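The basis for the numbers below is simple: all heavy atoms, side chains too, and nothing from hydrogens, waters or symmetry mates. Chain letters run A, B, ... following the sequence lines, proteins first, then strands; residues in each count from 1. If you're wondering where the values come from, they're calculated on a predicted model, not measured in any experiment.
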Protein chains: 2
Amino acid sequence: MYDPHIEIVESNLKEIKKTFGCLVSVDCVIFGYDHSSLKVLVINCNQEPFVGKYSVLGDLVHTHETMDEAIKRVLSQRAGLEDIYMEEVKVFSSLDRHPMDRVITIAYYSLVKIDEYKLVDAQNKDLKWIEISEAKDMAFDHEAIVKASHKRLQDRIKEKPVGFNLLPEKFTLNQLQLLYENILGITLDKRNFRRKLNNNNLVIDLGEVQDDVSHRPAKLYKFDFDSYQKMKKRGQFSFII
Amino acid sequence: MYDPHIEIVESNLKEIKKTFGCLVSVDCVIFGYDHSSLKVLVINCNQEPFVGKYSVLGDLVHTHETMDEAIKRVLSQRAGLEDIYMEEVKVFSSLDRHPMDRVITIAYYSLVKIDEYKLVDAQNKDLKWIEISEAKDMAFDHEAIVKASHKRLQDRIKEKPVGFNLLPEKFTLNQLQLLYENILGITLDKRNFRRKLNNNNLVIDLGEVQDDVSHRPAKLYKFDFDSYQKMKKRGQFSFII
DNA sequence: CCAAAAGTGTTCTGCGTACACCCATGG
DNA sequence: CCATGGGTGTACGCAGAACACTTTTGG
């Protein structure tokens, strides 16, 4: 019987590469939150036949870099983003997902504090934040990539405090609650939400208040990273909202 | 400024493939459960410098197949497995993970009803079930791949009833409980475990009993797939043990 | 003083958890 | 009748969910 298993050995390496070599890319769905809705960072695609459609940021993976390095390079060089939260979502491998050649892509999503981020756009002039709901009819299979990433973010935020990566260092509890409501598409009870935060020691009262609002200013808080680390270590942490 | 973004267009496709083409493989961690412990299906590696070490089943992805097709091909051709549960785990992309060339691999795990599976080994003579604890010092980075897959299974089984894929169609409640205890490495309370199953309508009493035991025979149950589907549809399903 | 949003407590219900004894069968 | 595992119910505490009014500030 034919042995379908291919062994990579010196003698047939060149032949193997010719036969099996394919292109691998990373695509990163960058989420931002502007205090009213969840946004995705996109670019106008300039590859036929998708010219004019939106695309998320991505690039081919170089032969000398890991996925992690590739995605960091894309975030840094193409969006000026450093040290931001990111997570692998899944692999997209349809044969026809790229019109020019077979390109396997690994999707990631990232979370950006949109207030602290000015669009860095050295390479091109059309980086743009769009609403999740606008992420339709995108280039390649990027609509599916955005959908899968959004779903992953929704799942993740229910069990880990990743949402803080979308807010400024100092935030009000209402801002935090609205973030959850927007991402999950649900409404939450203010008192229950706050009690849960307090029970978990997840936020620290900074003793400061808002100073630019025309009504009673809200207290400002920050995420209690140390407390979260401790809770993770001893026993399990639950943040299912 | 240098634009690091590579566009794949007809004119430079060949050059791009030469520069960026790399090898992609799938590796599948196949879990089985033999009524006492969780097992992994491995093979003796025959590639230097790992000859004699264990490896999980994997293969290069062909240019004309998706990941899904590749993993199904590996499961079918190399282990005779068809239509089994599987899930993508994550990408492994260290530059030195394969000694011969840069190979990016996508790890999957699968669940097999070990009782109903006779080792099909047409291609080679050394398919073997080993204990999780024996999955050390494996070929390539397969120890890390097994660890990550095991962790994923542990996470998944807490929220979805995937464990039934490891048991025969008919099983006793004690067998089910032991499965959970073995996979999670914890002990569970018998009465609480059973109450939760009943509350969720997850199992159906078949009205049959064991007939090969030298003590009071236990009732046999099967997984209630329809009930699970209904529960998933209306509202959320929780199976956190 | 009015508008706007901030902030705060209680009750009820259901679920997780801890826990121990009798039952049915084969040998 | 004995050994072996099979099977069952209760009490407690905590956490989620529902729910409405008072407070503080700016204008």
*Can you tell me how far C1' of C/dG27 sits from CG of B/D212, to the nearest Å?*
15 Å
_Heavy-atom protein contacts under 4.0 Å, nucleotides 6-15 of chain D, coded B base, S sugar-phosphate only, - none_ = BBBBB-----
*asked:* Ring centres under 6.0 Å, that's the criterion: do B/F193 and B/Y180 meet it?
replied: yes
*Please say whether more than 12 non-hydrogen atoms of neighbouring residues, nucleotides or ligands are located less than 6.0 Å from CG in B/N199.*
yes
_Restricting to salt bridge (Lys or Arg N to Asp or Glu O under 4.0 Å), what partner residues turn up for B/K219, sequence neighbours left out?_
B/D205
_Pairing residues for A/D189 by the salt bridge (Lys or Arg N to Asp or Glu O under 4.0 Å) criterion, not counting sequence neighbours_ = none
*Just how far, in rounded Å, is P of C/dG16 from CG of B/L197?*
12 Å
*Have A/N182 and A/S37 got a donor and an acceptor in their side chains that come within less than 3.5 Å?*
no
*Is the closest side-chain heavy-atom distance between A/I30 and A/V42 below 4.5 Å?*
no
*Can you tell me the distance, in whole Å, between the CD atom of A/Q175 and the C1' atom of C/dA6?*
13 Å
*asked:* From CG of A/L178 over to C1' of C/dA6, roughly how many Å is that when rounded to an integer?
replied: 13 Å
_Rounded to whole Å, how long is the line connecting atom CD of A/Q177 with atom P of C/dT8?_
14 Å
